[in-house]
Amino acid sequence: MIDFHAHVLPRCDHGSDGIETSLKQLRLAKEAGVQTIIATPHFYPDHDRFPEFLARRERTYAALMEQHSGLPEVRIGCEVNLCPGLDHLEGIEQACVQGTKVILLEMPYEYWSSSLEETMLRFLEDSGLVPVLAHVDRYDPDRIEHLLRLGFLAQLNAECFSTLRGRRQKFDWIDRGSVVALGSDIHGVKPGYAEFTHALKVLKNRADVIFRRTEQLLEENRI
Ligand SMILES: [Fe+2]
C-alpha cells in the first residue's frame with residue numbers, strides 16, 4: 001500500500017514539529033499496513049524560494065532517514081501549490097516524486113484565474129511531467145469533472161470516505177481510471193491513519209485497484 005500524500009518530514013512544513021512526531025507518523029502508517037509513503041511537504045511558490053525549499057527538504061529527509069529503521073519506505077515528493085507560470089519555474093522537475101516525472105499539484109480553493117488554467121493545461125500537455133491533482137475531493141465536483149475529462153489524473157484523501165456525501169461520484173472517478181492515488185494527507189499524529197484504514201474498508205477492491213495504479217504510474221514514469 002502506498003500513501004501518496006503525507007506531511008511527515010520533520011519541520012519541513014507544518015506537518016511534523018520534529019523527528020519524534022515524524023517517527024510516530026511512520027509507526028502509525030506501518031500499523032495501518034502502509035509499505036511506502038510519498039513525503040509531500042508543501043511548497044508555496046508565493047512565499048518560499050524553491051532552492052531553499054529543496055535544501056530544507058533534503059536536510060529534513062536525511063534527518064529522518066538517520067533514525068528510520070523498520071518503518072515504511074519514504075520517498076521524497078512535494079505538494080506544489082499551483083500558481084500561474086509555475087510550469088516555467090526553473091528546476092520544477094525536482095518537485096516530482098523522487099526518480100519519476102510525477103508531480104503532485106495543489107489547486108487553489110477559491111479564485112482561479114484564466115492564466116492559472118492555462119498553466120494547468122501546459123503542465124498536462126507541454127511540461128513533459130505527469131501532473132496529479134491533490135485531494136480532488138475538496139473541490140467543486142463539477143470543476144473536477146471538467147479537469148478529469150481533459151485528462152488530468154487525481155489523488156483522493158482518505159478522509160473523504162468518512163462520510164457518504166459524494167461517495168458515488170468518487171467511486172465513478174475511480175472506476176473511470178482517473179484516480180491514481182490515495183493519500184492520508186497526514187499532518188501531526190491525529191487522527192493518524194484511522195481515516196486511511198476506514199477508507200480501505202469502504203473502498204474494498206477499489207483500494208487495490210488504486211494502489212496498483214499508483215505503482216504503475218510511478219513505474220511507467222521513471223526517469
Ligand atoms: Fe497536503
Side-chain angles (χ1 to χ4, degrees), residues 1-18 21-22 24-26 28-29 32 34 36-48 50 53-54 56-58 60-61 64 72-83 86 89 92 94-98 100 102-110 112 116 120 123 129-140 143-144 147 152-163 166 170 173 178-199 210-211 214 217-218:
M1 289 202 296
I2 301 178
D3 178 358
F4 195 77
H5 185 158
H7 298 266
V8 295
L9 296 185
R11 305 188 72 171
C12 189
D13 64 6
H14 56 276
S16 164
D17 59 7
T21 297
S22 297
K24 268 187 215 159
Q25 290 173 316
L26 298 190
L28 290 169
V34 171
T36 301
I37 297 179
I38 312 295
T40 52
H42 290 283
F43 170 58
Y44 299 109
D46 288 348
H47 42 90
D48 202 354
F50 196 45
F53 166 79
L54 293 174
R56 186 170 75 245
R57 187 180 65 164
E58 198 59 46
T60 55
Y61 176 72
L64 182 59
E73 176 198 17
V74 179
R75 289 178 73 174
I76 292 183
C78 177
E79 179 177 14
V80 191
N81 196 253
L82 255 171
C83 61
L86 181 74
L89 183 70
I92 186 63
Q94 293 176 76
C96 292
V97 178
Q98 198 176 354
T100 77
V102 178
I103 185 164
L104 183 65
L105 300 179
E106 180 183 33
M107 298 169 289
Y109 292 105
E110 286 162 8
W112 296 46
L116 185 90
M120 290 186 73
F123 256 114
L129 305 179
V130 180
V132 174
L133 305 180
H135 40 57
V136 293
D137 44 285
R138 290 192 183 173
Y139 302 86
D140 170 20
R143 173 161 266 168
I144 296 302
L147 293 169
F152 281 99
L153 301 174
Q155 175 256 317
L156 288 172
N157 270 7
E159 68 175 347
C160 76
F161 295 105
S162 300
T163 66
K170 281 150 207 147
W173 290 341
S178 297
V179 175
V180 294
L182 185 69
S184 66
D185 202 358
I186 189 168
H187 289 71
V189 292
K190 286 183 182 164
Y193 276 81
E195 290 166 335
F196 197 89
T197 301
H198 180 71
I210 295 173
F211 294 133
T214 310
L217 179 77
L218 296 177

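All ligand and atom numbering here is 1-based and tracks the order in the structure.
In this pair, His187 and His14 present their aromatic rings parallel. The plane angle is below 30°, not in the 30 to 60° band. Classified by interplanar angle (parallel below 30°, tilted 30° to 60°, perpendicular above 60°), the ring pair His42/His7 is parallel. Between Tyr193 and Phe196, the ring planes are perpendicular. Angles over 60° get that label, and only those under 30° would be called parallel.
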- Query: Going through the distances and angles, do Ile144 and Met107 end up as a side-chain contact (heavy atoms from CB on, under 4.5 Å)?
  - Reply: CA-CA 10 Å; Ile144 296 302; Met107 298 169 289; 3.8 Å; yes

- Derivation and outcome, side-chain contact (heavy atoms from CB on, under 4.5 Å), residues Tyr139 and Leu147: CA-CA 11 Å; Tyr139 302 86; Leu147 293 169; over 6 Å; no

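None of Leu153, Val97, Ile2, Thr100 except one satisfies the side chain to side chain contact (heavy atoms under 4.5 Å, CB included) rule with Leu217; the exception is Leu153.
Here the Fe ion (ligand 1) has protein N, O or S atoms under 2.8 Å from it, and they come to 4.
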